[in-house]
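Below, all heavy atoms of this structure are taken into account, side chains as well, without hydrogens, waters or symmetry copies.
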Amino acid sequence: MATQTTQAPEKIFKNAEDFLPLNGTDYVELYVSNALQAAHYYKTAFGFKSLAYRGLETGEKDYASYVLQQDKIRLVLTSPLRKGTDIGRHIDEKGDGIKVVALWVEDADKAFHETVKRGAEPFLEPEIIKDEDGEIVRSGIYTYGETVHLFIERKNYKGVFLPGFKKWESTYNPKPVGFKFIDHMVGNVGWNEMNKWVKFYAETMGFTQLVSFDDNDISTEYTALMSKVMSNGNGRIKFPINEPAEGARKSQVEEFLDFYNGAGVQHLAIATDNIIETVTTLRERGVEFLRVPATYYEELLDRVGEIDEDLTPLKELGILVDRDDEGYLLQIFTKPLEPRPTMFFEIIQRKGAKSFGKGNFKALFEAIEREQEARGTL
Ligand code: FE2
């Protein structure tokens, strides 16, 4: 069933102070083994543009970071320059993966103290960093696994990204693919840990739970998971949290945890205004997506009712559709973006729906299981 209960978080906070006001996602930083080549891949395949750089040429001796941008999304790709670094250890244990989910705040000092006061484990005490373009204040706390949230206060900064970075001029900038902003970011956490992290986002960060479904809703013959969605006060930040559930064989969340050696970000869902155009371009550029069987489209309109799009391109591209009380959404999932079956992207276009495509989970999980079967990890 596609019906879900959604609550507007604004209503909940109408009379209560949001102790952690968030303007949005500031950037997402991945630790990768070859940031230069990864940057080329994200530019070529996904249409990001070169924005900023930090490395040997800017006086940074330990690591290099390449910053890419497309509309409101900024990706930072970081590699160590020497052996024996914590970044190198992270890559050894997890492969390429997301270390930092940075959140844009008005007051990074307050964000740190309000969350640490409520039990967050400190990662970075508030600090001011500056260059000739001004200063930023940043601080950070741990979330699940080794993932961290940095709070970035940039109201007194007019530089290209952060102090210490220089503008990255590149003559190679493939056309954007229509990515607009990060719709949601999903974390996979360990067995029986979902509620611990739901509580963390609720009590430590002031988030609200939006939707809940249990393993009866989203299990297949073999695998299952449980998921809850946490949203901040203004609804701009949404973090679904998955944990594995008992199934006959290994679930995709468990497979992630094995290859990532712990909890971490499973997927970034990226919003587009025209999913058919976006996915057509991505496929031309070699991006591979999970495919559902053609039979999915036979019953689609019975399940979701009338939609604006023609069925033919949706079927050709493998785009999925789901409906809730408020409208519908179109979505598709890439295959993992690195050799390990860990992080991937979702592309999503919302037409009123505020949910996350629960009606597609069964078809999707069966598609994932076919991939797992091929990897020998089911
Ligand atoms: Fe998603």
Side-chain angles (χ1 to χ4, degrees), residues 25 28-32 90-91 93-101 121 141-149 182-202 204-205 207 209-215 217-220 222-231 237-247 249-270 290 331 333-346 348 355-358 360-362 364-369 371-372 375 377-378:
T25 308
V28 174
E29 181 171 16
L30 293 88
Y31 287 171
V32 299
H90 193 279
I91 295 165
E93 282 183 20
K94 301 171 189 303
D96 290 3
I98 292 174
K99 170 66 180 178
V100 179
V101 175
E121 185 188 341
I141 59 171
Y142 279 97
T143 175
Y144 45 75
E146 292 191 33
T147 318
V148 301
H149 289 311
I182 296 174
D183 183 275
H184 60 277
M185 261 174 279
V186 178
N188 281 345
V189 302
W191 289 95
N192 305 312
E193 284 200 334
M194 179 179 63
N195 287 331
K196 170 184 159 184
W197 291 106
V198 163
K199 197 164 172 261
F200 167 83
Y201 280 105
T204 306
M205 295 189 67
F207 283 39
Q209 189 184 333
L210 288 188
V211 181
S212 163
F213 34 77
D214 61 25
D215 55 343
D217 288 315
I218 47 176
S219 62
T220 62
Y222 295 135
T223 74
L225 63 75
M226 293 194 284
S227 190
K228 289 181 178 173
V229 182
M230 304 306 290
S231 169
I237 310 282
K238 292 185 213 71
F239 292 146
I241 298 167
N242 296 333
E243 74 172 30
E246 214 60 66
R249 294 169 84 177
K250 185 181 283 189
S251 85
Q252 48 160 317
V253 178
E254 210 180 340
E255 185 193 38
F256 176 102
L257 297 169
D258 283 354
F259 280 92
Y260 205 70
N261 286 293
V265 177
Q266 179 210 44
H267 73 267
L268 291 189
I270 298 172
L290 286 178
Q331 64 186 166
F333 299 82
T334 71
K335 292 187 179 181
L337 301 179
E338 54 290 303
R340 301 189 199 197
T342 49
M343 190 204 67
F344 57 89
F345 283 173
E346 170 184 350
I348 183 166
S355 50
F356 297 85
K358 178 174 140 183
N360 288 322
F361 283 9
K362 196 168 189 304
L364 210 54
F365 289 1
E366 283 164 358
I368 291 171
E369 281 165 15
E371 300 281 322
Q372 283 183 277
R375 293 193 282 262
T377 60
L378 189 60

Checklist entry - Is any side-chain heavy atom of K94 less than 4.5 Å from a side-chain heavy atom of T342? => result no
Next on the checklist: Can you list everything that forms a ring-ring contact (aromatic ring centres under 6.0 Å, His included) with F256? Sequence neighbours excluded, please.
Outcome noted: Y260
Item to check | Partner residues of F259 under the ring-ring contact (aromatic ring centres under 6.0 Å, His included) criterion, sequence neighbours left out | outcome: none
Checklist entry - Taking atom CE of M226 and atom CD1 of I241, what is their separation to the nearest 0.5 Å? => result 12.5 Å
Checklist entry - Taking the six-membered ring for Trp, are F239 and H149 parallel (under 30°), tilted (30 to 60°) or perpendicular (over 60°)? => result parallel
Next on the checklist: Between D96 and E338 (side chain of the first, backbone of the second, donor and acceptor by atom type, cut-off under 3.5 Å), is there such a pair?
Outcome noted: no
Checklist entry - Any idea which heavy atoms bring G357 and Q331 closest together, and the distance? => result CA-OE1, 3.3 Å
Item to check | Where at least one partner belongs to residues 258-269, residue pairs that pass salt bridge (charged side-chain N to carboxylate O under 4.0 Å, His left out), sequence neighbours excluded | outcome: K250-D258
Next on the checklist: With heavy-atom distances below 4.5 Å as the criterion, would you say the side chains of I237 and T25 are in contact?
Outcome noted: yes
Checklist entry - Mind checking what makes salt bridge (Lys or Arg N to Asp or Glu O under 4.0 Å) contact with E29, not counting sequence neighbours? => result none
Side-chain donor-acceptor contacts of residues 182-196 below 3.5 Å, not counting sequence neighbours, with atom names and distances?
residue: D183; atom: OD1; partner: R350; partner atom: NE; Å: 3.4
residue: D183; atom: OD1; partner: R350; partner atom: NH2; Å: 2.7
residue: D183; atom: OD2; partner: R350; partner atom: NE; Å: 2.7
residue: H184; atom: NE2; partner: E346; partner atom: OE1; Å: 3.1
residue: N188; atom: OD1; partner: N242; partner atom: ND2; Å: 3.1
residue: E193; atom: OE1; partner: G190; partner atom: N; Å: 3.3
residue: N195; atom: OD1; partner: K228; partner atom: NZ; Å: 2.6

Next on the checklist: For E121, give me all partners under salt bridge (Lys or Arg N to Asp or Glu O under 4.0 Å), at least two apart in sequence or on another chain.
Outcome noted: none
Checklist entry - Which distance, rounded to the nearest 0.5 Å, do you find between the CD of Q266 and the CE of M343? => result 10.5 Å
